[in-house]
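Notes follow the structure.
Indexing begins at 1, ligand by ligand and atom by atom, following the structure's order. Here, residue 1 is the first one in the sequence, and each next residue gets the next number.
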Amino acid sequence: MLKTVCLAFFVTIALCACQQAQTVRSDAPALTLLPQPATLERKPGVFHLRQGAALIVDAHNAEAAGIAKRFADLVAQTRGLHLDVRPFGDAGNAHDAIVFSFDPRDTLAPSGEGYEIAVDTDRIRVNAREAKGLFYGSVTLWQLLTDDTTPATRIEVPQMHIVDAPRFAWRGAMLDSARHFQPPEFIKRFIDQLALAKLNTFHWHLTDDQGWRIEIKRYPKLTSVGAWRKPAGAAGTDENGQPVRYGGFYTQDEIRDIVRYAAERYVTIVPEIDMPGHMQAAIAAYPELGSIGDAPVVSPDWGVHPYLLNVDDSTFEFIDHVLDEVVDLFPGPYIHIGGDEAIKNQWKASPRVQARMRELGVADEKALQGWFIARVEKHLTERGRRVVGWDEILEGGVPANAIVMSWRGAQGGIEAARAGHDVVMAPSPDLYLDHYQFKNDPAPGRPDARTLADIYAFAPIPSGMDAAAAAHVLGAQANVWTEHMRTNARVEHAAFPRLDALAEVLWSPASTHDWTSFAARATTQEARRRALGAEPAPISMPDIVDASPLQRSSRTLGQCSGKLVLRLEDDAPSNGDRAIFEVDIFDPCWLFKDAPLDGIAGIAVTVGQIPYNFQLAGDVANIVPRPAPSSPNGELLVKLDSCTGTTIAKLPLDPALASPALTTLSAPLPAESGAHDLCLVFAYRGVDPLWVIDNVQLVRTK
Ligand code: TNX
């Protein structure tokens, strides 16, 4: 009977994938599966999984045996319940057991990621056509066993029938290991955490201006030089006054181990070697790769850097050799070659590059980038790989087979899909997890907050895309850029639970999406993550409130113009907690709105100084000049009613007195009555260091 129902289902999968039958007793516990399966039918019975129960698996299939073993390990780790993994035939009548088996019907899902689970009163069967489907079935079953994560010797599983397959094939997350380095053990844990939400693609950003993180045997300086930088500001010197060397890289052995680990969890790694821009670390190691003949350092800055590879044949030889080692290390079908944010000033300024352009007959530097990408793409195609690039690769005429990753909003994706390219949606800011997630997020990052609900509301097929173009959308991914994530804990906090929201968007039929249900299930999912040692962010966090109306923090102060606001971490102390400041890096100027000035005699402002380590390219023009200082070291000005109002206090900025961490400046205020806005702005020469406000306190008359 069950079979008939399923077969009928398989034939009509497209029609009924959106329907979930969940008719059960009203007192039956809710299930907390995440992502929600495509179809789930509950029945009134219960299966009792007991300590020591058999898990029967086809032992001739090494992959299935591995999936069963890892499933049993997970159950033991999270519930303390041990399963006895046994081969078929050795299991008596398979009563009271879990059975993992293959089902040759090819209808579960075209991609082989589909599976079926039947929980009956006497056993649980997990069936799939392919190993990856069996793996996803095992993840779902593990979730059915971990509604709570306390030790158990018996777990009740409600009787049910699940038939499930994903909505999209590319369900991904990008991690930037260049701006900050995460050790191999963390990368494995991150992959574990992806897999348990059925995410299957790990885009690994391995190289950038601030660090080259992949060992390339032929070019040892890429890592001996390119993997290390001196951090900007006070963070660049230790307690003993010695320079700090920040960095790290993955050896080829470590990478092979990680690739193997990911494959066991059905996660494909897409390595990215970003070019022709974002290459300053490589140019620091081998200056002959550069366009203007100088030798930069590995950058301690954030932002868009000017360094570009040159276009000599010897440079393409270098690229080909690097990519050959990358291809050897990563067996997956895709190699990402970046292509983003390559501002063309250095190519314009280089006589050699210009001469080459004339030789090639390319019209301009954009076309030269197109030629560059096409040349690299050809090499990778010859090696059997498909190229992925950020949407800028569209600008210079992109090779037909290349996959376009849409990051500058959805537009690049729409255009690329219309032109017949396969597309992965990864739009900023929608899926940019370097945006913090709560107004009151304890982590540094970019405003505005991208909340869990925002990610859950993401539509992988943007409006305005017709069906033919939509068929080219392979899926989507969220990007964890790590400029502001100095620690592993920050990466995990940024990634989860938000990746759970994306996972459900990309796996479950759109018709099943339901925010309230998701939020409830996410609470359980994050408990599962914690049981495995991860530190996800909470599901929600109350908004920030000041302790008193006389006080504001940099988060509750207003921004004067709010051109490019960041929530930045202090550069000191070198060990221990650092303050976090919300500051507009184009116009550092804050507003204390409606300051109650009755009875106020003074102001105390806690300030910090951080390095101005931003490469702004053409955006330098957006910097609002500081007011002129009236003393060499400058001062913090407090102005009444507006930033063009009267200066009512001047607090001198004496760097000799300032701590590298926080310093409190204070000054009397003239008597005023009523509520007034106060504008606080630093007057000093230059932009570096950047003086920032941590908090402001109005002081009453004694
Ligand atoms: C833009 S997204 C970048 C990254 C930065 C990110 C910060 C993309 C292709 N390039 O280099 O880390 O913004 O959000």
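Counted within 6.0 Å of NZ on Lys188, heavy atoms from surrounding residues, nucleotides or ligands total more than 12; the atom is thus considered enclosed.
Residue pairs meeting the side chain to side chain donor-acceptor pair (under 3.5 Å) criterion with at least one partner in residues 437-450, sequence neighbours excluded, are Asp434-Arg446, Asp441-His493.
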Working for side chain to side chain donor-acceptor pair (under 3.5 Å), residues Glu325 and Gln252: CA-CA 9 Å; Glu325 293 193 31; Gln252 295 205 345; 2.8 Å; yes
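Taking His435 as the reference, nothing meets the side chain to side chain donor-acceptor pair (under 3.5 Å) condition, with sequence neighbours excluded. With sequence neighbours excluded, the residues that form a side-chain contact (heavy atoms from CB on, under 4.5 Å) with Asn622 are Phe586, Asp619.
Looking at Phe181, Phe186, Phe330 one by one, the single match for ring-ring contact (aromatic ring centres under 6.0 Å, His included) with Tyr250 turns out to be Phe181.
Protein residues lining ligand 1, listed by chain and number: Arg179, His278, Asp340, Glu341, Trp390, Trp407, Tyr432, Asp434, Arg446, Trp481, Glu483 [non-hydrogen atoms, distance under 4.0 Å].
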